[in-house]
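None of these values were measured; they are calculated from a predicted model. Just follow the structure's listing: the first ligand is 1, and inside any ligand the first atom is 1.
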Amino acid sequence: MSLPSSWEQVIATLKKHDRFTLGCHQHPDGDAIGSLLALGLSLEMVGKQVDMILPDGVPLTFHFLPGVQKTVKQPTFRPEVVISVDCAERMRLELPEEIFTGEPLLVNIDHHISNDHFGQVNLVLPEASATGQIIYHLLEKCAFPIDAAIASALYTAIATDTGFFRYSNTTGEVLSIASRLVEDYKISPSQIAERVYEEKSYASIRLLGEVLSTLQISGNQRYSWMYLDQEMIRRYEVEMEEIESYVNYTNSIRGVEVGLFFKEMKPGEVKISWRSKAGVDVSRLAAHFGGGGHLRAAGCSVKGSLSAVMAEVLSFVNKYFEEN
Ligand SMILES: [Mn+2]
């Protein structure tokens with residue numbers, strides 16, 4: 001049985017043990033990478049042995065973060081503790097199984113509402129805007145060091161998960177943490193924003209053009225959707241992580257409350273990204289299809305052909321708007 005969220009347990013675990021393996025979800029975003037790096041680098045500074053594992057390597061967008069060269073694709077030792085950051089389900093935690101042979105303690109640090117508390121120790125705070133925000137407080141509470149590299153990682157984690165301080169999860173608290181990171185460690189918000197937003201590959205912008213040409217809006221103009229099929233994926237070589245951001249266009253249309261992006265990942269499997277404006281909890285809509293996430297951003301995966309899945313999901317959304 002897992003125990004309830006507890007700062008004390010996590011703090012005690014971090015202080016007591018010496019060998020840590022850190023991991024996050026597949027196709028890591030800025031919050032996952034930033035949280036992983038910030039915690040890993042700080043643990044290293046206090047003399048712990050740390051493996052920060054990213055089996056697929058660091059997504060290009062985040063190569064600029066200082067410290068990324070310390071991440072590894074394979075484990076280099078057997079850990080006492082495995083820490084999962086920003087990952088809602090054990091299934092999505094991308095770590096080689098061999099890590100678990102010595103039955104290490106599994107710590108789950110996350111902010112997804114849908115997190116199922118899969119760790120032996122769980123620090124799951126849905127009210128946190130980013131996992132990076134939890135890591136910031138954790139380092140403070142442990143009195144572990146923060147340097148410029150860790151500050152950049154934390155800032156990137158918080159900035160990316162709040163849409164660079166535009167989304168409804170942009171609280172006074174995250175702004176004040178961001179402000180402290182900038183003031184105390186002299187990191188550059190403009191440089192980080194530029195690296196995250198203005199370093200897209202040519203192929204990804206071309207592919208975006210094709211995806212946008214599939215954009216449609218419902219008769220009531222309350223939801224919109226677009227798709228990416230296997231044929232488009234084959235024609236362009238674009239990292240998944242660059243594709244993830246396309247969805248925001250669906251929801252940026254005036255009057256639209258829910259935006260959906262259908263991605264035919266492989267024949268017979270469609271991944272759907274959901275976005276919403278105030279008023280609609282898309283984590284609940286995505287949960288209907290076995291997915292989850294946050295109030296304004298969620299995801300799910302549905303088996304079937306692209307056209308069948310689109311028809312099924314769009315009819316469900318249409319029904320939702322008829323009733324709400
Ligand atoms: Mn996150």
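Sorting the N, O or S atoms of Asp161 by how far they are from the Mn ion (ligand 1) puts OD2 first. Shortest distance from the Mn ion (ligand 1) to His111 is reached at NE2 (N/O/S atoms only). The Mn ion (ligand 1) is closest to atom OD1 of Asp86 (considering only N, O or S atoms). Among the heteroatoms counted here (N, O or S) of Asp31, OD2 is the one nearest to the Mn ion (ligand 1).
With 2.8 Å as the limit, Asp29 does not count as an N, O or S neighbour of the Mn ion (ligand 1). Taking backbone and side chain together, His112 holds no N, O or S atom under 2.8 Å from the Mn ion (ligand 1).
Atom CZ in Arg296 sits 9.5 Å away from atom CG in Asn251 (nearest 0.5 Å).
The six-membered or imidazole ring of Tyr197 lies near that of Phe164, with a centre-to-centre distance under 6.0 Å.
For the pair Val174/Asp161, no side-chain contact is recorded, criterion being any heavy-atom separation below 4.5 Å from C-beta on. Contact check for Val270 versus Tyr227: no side-chain heavy atoms found under the 4.5 Å cut-off.
Checking His117 against Asn108 by side-chain atom types alone, no donor-acceptor pair falls below 3.5 Å.
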